[in-house]
Amino acid sequence: MEYFGSVMSLMFTALLVENFIFSKFYGCCPFLGVSEKPATALGMGMAVTFVITVSSAVTWLVYHFLLVPEWADYDLGYLKTIAFILVIAALVQFIEMFLRKFIPTLYSALGIYLPLITTNCAVLSSALLIVQKEYDFIQAVCFGFSASLGFTLAIVVFAGVRSRMENADPPRAFKGFPLTLIAAGLLAMAFSCFSGIKFG
Amino acid sequence: MEKLKNNSVLSAAVIGLKLLLICAIIAGIVSFVYALTADIYAENIKQTKELSVGKIFTGKDETRLQYTEIGSSDGATVSAVYEGDVLLGYCVEIKTAGFGGEIELMIGYKADHSIYGVDVVSHTETPGLGSKSADEKYLKNNYSGKSGVLVAGTDVDMIAGASVTSGAVLDGVNRATAALENILNEGGVDGE
Amino acid sequence: MNKYVKQLKEGLLDNNPTLVQLLGMCPTLATTTSISNAIGMGLAATVVLICSNLFISLLRKFIPKQVRIAAYIVIVSGFVTAVELLMRAYFYSLYQSLGLFIPLIVVNCIILARAEAFASKNKPLPSIVDGVAMGLGFTFALCVLAFVRELLGAGTVFGFAIPGYSENPMVIFVLPAGAFITLGIVIAVVQKIRNAVADKAHLKAVEETRKSVSKAENREEASV
């Protein structure tokens, strides 16, 4: 029961308090790039959630069974960056092929976002964070899932804000990217109200 | 037809081999750099610890300070600190979750288990805000000489604007105290 | 030689990877809380960029087209790991304060973009210059942002406190929200300057066409 509570608290922390976008800046490129419409933002968010959840499990296994196994007397921990990015790239490729073959409806919804995800730093950073925080397997998967859900929440909310700004008429210099960034800043201010909340 | 198939298999094999060769070169470079730097890194970690112990047990002859690990509990590593042969106290290394990531703390205790001093070994807190919790004066005024379970507000002041970080430090210190008691009760060293 | 100077100017100003091309936002936002962090991050990325550009340019005929992205990722992540290992040996405190953002250089879009757009098509020497130019452009952008944020948010410059202000600074600027807002304003200033330059060029072009048109008309009148 105590374990369940600790996992729940870790999930809420990853979702809101240490939100990937608004407190850690992981995955800002797709956050600023693919958030023009709520529908596409949701698609991107779901694709990221899917990939991060699977990759958290796979990279955990790779780290604990290949790089730093308990029973062996070698330590290849320093190779984790290379190993993880290769695993993620292969995984994204594999997920794309799998979806195309077996779940075409899901593929048509997420397919165009998948190639972009390899270079999304949210995926790599969640894999590295799991190693840094020494999570066990269940914690790792739960952390990956809720952290990427936090990413989805952020990008969908932000797309809603941006769709309201479409008809705004800002000064010429602020048009486009600067205005987007400032809106993101205001949203980050709103999210900072979660900071310091302790769950459990 | 047969030939074409053979050709495509061959070219795939060539591509695979080329990729493998690139991986091998990169692996060579990385392991060379690793071999070059591993010892220096280990030395860095040791030096940071020594510096931190030296900072906490000020006024002692640093060259005669020695510490031996006596156990670990709940993620905290406890060492006994000696000056020559005399037991000075204990130091506990512990990690605690701050605002921007992990905070590494080193907490020194006198032989009677009261706090000698607290040192923030490393942190990634916001400069100018959370980093105030790593301020030597703040740590000295709020922690040195105190013992038992400390309470926020009454024993230790929280820093306005950095309540998460100062709370994390307090939490780390309390956990370290608990770990110290735990290990000494199990009968680590007889220094009392 | 002139070509390289032009390349440098391109990377630093005209085609700055961060402020104009808007690449690599994560480290830009995250590591600019202090100038020393910004310089450390920028230089680490520059070193990786130079090494990977050189390596990819040398192997540009050897790397098979079909798997080039995979090859680039292996090469870049190898150099990032090497830089990480060197930093934790020789710049330990910087390594600690940048934390996870050193391994994350792997997924910095600037590096893969330069590999694909430049190094894979050019000779080694121009590729190195391109790495230096883009890397310094990135570092420059980080420093501008970090200078503003550290000055306003912490009241310090290079860690030295500004008396009278550092006791009670506008903390919001070092918090995540301040990162977004400051970068927004900096890019707006850049756009303002670029707009002004573009307007000037446009005006000049209009003026010239008008002149040549009137000249032609004059000639026509003369011939009539």
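Letters A, B, ... mirror the listed sequences (proteins, then strands); counts begin at 1. Both backbone and side-chain heavy atoms feed into the values below; hydrogens, waters and symmetry mates do not. Just so it is clear, the structure is predicted and the values come from calculations on it, not from any experiment.
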If you measure from CG on Asn37(C) to CG on Leu142(C), what distance do you get to the nearest 0.5 Å? 10.5 Å

Measure Leu19(B) against the heavy atoms of chain C and call it side chain, backbone, both or neither at under 4.5 Å. side chain

Any side-chain donor near an acceptor of the partner, Tyr109(B) and Thr177(B), under 3.5 Å: yes

Please look at Thr48(B) and chain C and tell me whether the side chain, the backbone, both or neither of the residue comes under 4.5 angstrom of a heavy atom of that chain. side chain

Any donor-acceptor N or O pair under 3.5 Å, side chains Arg149(C), Thr182(C): no

So for atom OH, which belongs to Tyr72(C), do other residues, nucleotides or ligands contribute more than 12 heavy atoms lying within a distance under 6.0 Å? yes

Heavy-atom distance under 4.5 Å to chain C: side chain of Ile45(B), backbone, both or neither? both

Interface moiety of Gln96(C) toward chain B, non-hydrogen atoms closer than 4.5 Å: both

What residue, out of Ile22(B), Leu21(B), Ile15(B), has the most heavy-atom pairs lying under 4.5 Å from chain C? Ile15(B)

When you check the side-chain N and O atoms of Thr77(B) and Glu93(B), is any donor under 3.5 Å from an acceptor? no

